[in-house]
Amino acid sequence: PLSLLQESLTGQGVATSIVSEGDSLGTLGFPELLILHPQKIITEEREKGGNEDSVVLKIRYLDRNLLLPGDLDCKDADFLKHPSDKIDFALAPHHGGLSANEEKFYEWANPEWIGISGGALLRNQNKESELREKGYRIAHTFDDGTIQIRISRVENKTERCARGNFTITTFKTGRNSINESL
């Protein structure tokens with residue numbers, strides 16, 4: 001259970017803090033990090049922990065948005081009931097594998113890019129093909145290696161643009177996608 005993990009970390013001198021939807025990590029010096037999930041209410045069932053309690057982190061920087069959903073079980077995710085900002089990149093829940101149930105997540109986020117961090121064993125190539133047919137761009141660590149995302153300020157002599165340059169570079173294939181989501 002989560003309480004045992006927290007006790008163990010505290011016993012080792014590691015400071016812990018429970019986060020839930022709506023929390024910002026601004027108090028820790030990261031105002032661009034927002035927790036979308038799990039919900040604030042902790043029930044006995046939720047105390048056991050599991051994929052339904054995965055922390056979903058939204059990173060917002062220079063008007064660009066990234067989502068990191070961990071192993072989220074999307075069927076009970078309350079944040080999916082509310083409108084989404086434009087999402088530039090979302091990491092696939094459950095590594096995009098065979099056990100993923102992320103349809104609601106992708107419909108809600110409608111990301112330009114989906115990153116899949118996985119290998120060949122549990123790969124769901126049919127799902128990847130479906131996502132490509134729907135217009136999503138896929139970067140898969142098995143095919144592409146490391147996926148690097150860079151968001152940088154736009155320097156312009158006449159004005160500064162609030163929306164940053166968005167670049168995805170993969171290193172195995174050398175694919176580079178600069179501002180393709182603009």
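Every heavy atom of this structure was used, including side-chain atoms; hydrogens, water molecules and symmetry mates were not. Being a predicted model, the structure only gives us computed values, none of them experimental.
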Backbone N or O of [Y] within a donor-acceptor pair of the [X] side chain at under 3.5 Å?
X    : Y    : value
S8   : L4   : no
R163 : D63  : yes
D88  : N65  : yes
R64  : G164 : yes

Q: Begin from the C-alpha positions of T10 and V14 and carry the test side-chain contact (heavy atoms from CB on, under 4.5 Å) through to its verdict.
A: CA-CA 5 Å; T10 302; V14 176; over 6 Å; no
**Q.** Residues in salt bridge (charged side-chain N to carboxylate O under 4.0 Å, His left out) contact with E130, at least two apart in sequence or another chain
**A.** K127
Q. About how many Å separate CD1 of I151 and OH of Y61, when rounded to the nearest 0.5 Å?
A. 8.0 Å
(Q) How long is the straight-line distance from CZ of R153 back to CG of N165, given to the nearest 0.5 Å? (A) 11.5 Å
Q. Under the criterion side-chain contact (heavy atoms from CB on, under 4.5 Å), which of I116, T169, T170 is the partner of D144?
A. T170
Side-chain heavy atoms of [X] within contact of [Y], under 4.5 Å:
X    : Y    : answer
R137 : R132 : no
I35  : S24  : no
F89  : P111 : no
L66  : I149 : yes
Y136 : Y106 : yes
L131 : I138 : yes
T141 : T146 : no
D78  : L80  : no

**Q.** Partner residues of L36 under the side chain to side chain contact (heavy atoms under 4.5 Å, CB included) criterion, sequence neighbours left out
**A.**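 In terms of side chain to side chain contact (heavy atoms under 4.5 Å, CB included), with neighbours along the sequence ignored, L36 is linked to L34, V56, K58, L67, F79, W108.
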Q: Show your reasoning for whether side-chain contact (heavy atoms from CB on, under 4.5 Å) applies to L68 and I59.
A: CA-CA 8 Å; L68 306 177; I59 302 167; 3.8 Å; yes
